[in-house]
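What follows is a short report on a single structure.
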2 protein chains.
Amino acid sequence: MECEEFKPNEYKEEMMAVQDTMDVLQGKWKIKVLSSICFYDKRRFSDILNDVYGISNKMLSKELRDLEINQLITRTVLDTHPVTIHYQLTEHGKTLGTIIDNLTEWGKRHRKKIIGE
Amino acid sequence: MECEEFKPNEYKEEMMAVQDTMDVLQGKWKIKVLSSICFYDKRRFSDILNDVYGISNKMLSKELRDLEINQLITRTVLDTHPVTIHYQLTEHGKTLGTIIDNLTEWGKRHRKKIIGE
DNA sequence: CAGTATCCGAGTAGATACTG
DNA sequence: CAGTATCTACTCGGATACTG
């Protein structure tokens, strides 16, 4: 963002875009759920429940649904008994990689700034 | 983030860093408030209230306090009658530029993906 | 001008229990 | 295994009114 050139009413689209991204990543769990699925390539409900420390099944269920609606993950039902469900990142989901890198980097600098000075 | 190399328990620090950044940018207003201050360099309370469509004075007051605590903006009291207050971005606040660019770019692609296909 | 105080509804999230 | 249902507490954010 070029601050010097910014004008609120002329940048509605940009601000909307930022908000769209934030909506997708927002909250306590989204990134962690994505990370779990990302690492293992395919991952099941109860596995993610174990990976993501502190999340409840209700929240995980909701987060997975949100991520699926946003086409970041896919849900595959395998015909076993009892059924097995695989969650995977979509190609679109994988494009979040760069953003997550940036957020990580800035977060580290920010922590140093706030705490370590 | 290299998905293939990710292991939940080995990446605690990275996930914390992402969460730290998200905490700072989280919510409906933070980015818009930052944008308003950013464009005008110095900006007063009631001006931001006008720039950011829909925000209430309660929320603006809270967001400004949060941003100040996180050292993204400074609050300067000028000795006029009645007092004038200037909000400005700190150097640290300005480093958010790149992130906001990324979030904007991804948000636009995401919108195309979800709506425009 | 630059906020604070108060009230209130809606949504977020945890705990526990239950289902096909 | 992969969730849903229910109850409850807490937080977010809007509306309105008020203050130095």
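Numbers restart at 1 for each chain; the letters A, B, ... are given by sequence-line order, proteins then strands.
Within 6.0 Å of the CD atom in B/Glu105, the count of heavy atoms belonging to other residues, nucleotides or ligands does not exceed 12.
Side-chain nitrogen and oxygen atoms of B/Tyr87 include none within less than 4.0 Å of the OP1 or OP2 phosphate oxygen of C/dC1. For A/Arg75 and D/dG3, the shortest distance from a side-chain N or O to OP1 or OP2 is below 4.0 Å. Applying the 4.0 Å criterion to OP1 and OP2 of D/dA2, one finds that A/Ser46 has a side-chain N or O inside that range. Within the structure, a side-chain polar atom (N or O) of A/Arg65 is placed less than 4.0 Å from OP1 or OP2 of D/dT4. Applying the 4.0 Å criterion to OP1 and OP2 of C/dG14, one finds that A/Lys28 has a side-chain N or O inside that range. Put simply, A/Ser61 has a side-chain N or O that comes within less than 4.0 Å of OP1 or OP2 on D/dT4.
Counting to the nearest Å, the C1' atom of D/dA2 and the CD1 atom of A/Ile73 are 14 Å from each other. Straight-line distance from the CD1 atom of B/Ile55 to the P atom of C/dA2: 15 Å, rounded to whole Å. Distance B/Lys62 NZ to C/dT4 P: 13 Å, rounded to the nearest Å. Taking atom CG on A/Leu49 and atom C1' on D/dA2, their separation rounds to 10 Å, with Å as the unit. Separating the CD atom of A/Glu63 from the C1' atom of D/dG3 is a distance of 15 Å, rounded to the nearest angstrom. The separation between A/His86 atom NE2 and D/dA2 atom C1' is 13 Å, rounded to whole Å. In this structure, the NZ atom of A/Lys32 is 14 Å from the C1' atom of C/dA13, given to the nearest Å. In this structure, CD of A/Gln19 is placed 10 Å from P of D/dG13, rounded to the nearest angstrom.
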Could you run down nucleotides 15-20 of chain C 5' to 3' and tag each one B, S or - for protein heavy-atom contact under 4.0 Å?
BBB---

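Remark: of the listed residues B/Val33, B/Ile85, B/Asn50, B/Asp51, B/Asp51 is the sole one forming a side-chain contact (heavy atoms from CB on, under 4.5 Å) with B/Arg43. Of the residues A/Leu89, A/Val52, A/Val24, A/Ile48, the one that meets the side-chain contact (heavy atoms from CB on, under 4.5 Å) test with A/Leu34 is A/Leu89.
B/Glu63 places none of its side-chain heavy atoms less than 4.5 Å from the side chain of B/Lys32.
Nearest nucleotide to the side chain of A/Met59, out of C/dA13, D/dC1, D/dG3: C/dA13. Taking every side-chain heavy atom of B/Arg44 into account, C/dA2 is the closest of C/dA2, D/dT4, D/dA2.
In this structure, the separation between CD on A/Gln26 and CG on A/Asp66 is 11.5 Å, given to the nearest 0.5 Å. For the atom pair CG (B/Leu96) and NZ (B/Lys30), the distance works out to 11.5 Å, reported to the nearest 0.5 Å.
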Evaluation steps, salt bridge (charged side-chain N to carboxylate O under 4.0 Å, His left out), between A/Arg65 and A/Glu68:
CA-CA 5 Å; A/Arg65 210 178 309 128; A/Glu68 204 192 341; over 6 Å; no

Run the numbers on B/Tyr87 and B/Leu64 for side-chain contact (heavy atoms from CB on, under 4.5 Å), then give the verdict.
CA-CA 9 Å; B/Tyr87 291 97; B/Leu64 289 170; 3.6 Å; yes

Test side-chain contact (heavy atoms from CB on, under 4.5 Å) on B/Val18 and A/Leu25 and set out the steps.
CA-CA 10 Å; B/Val18 176; A/Leu25 299 181; over 6 Å; no

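At the heavy-atom level, A/Thr80 lies nowhere under 4.0 Å from the strands shown.
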Secondary-structure string, 5' to 3', Watson-Crick or G-U under 3.5 Å, | for another-strand partners, for DNA chain D:
||||||||||||||||||||

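Residues A/Ile114 and B/Ile69 come closest through the heavy atom pair CD1-O, 4.0 Å.
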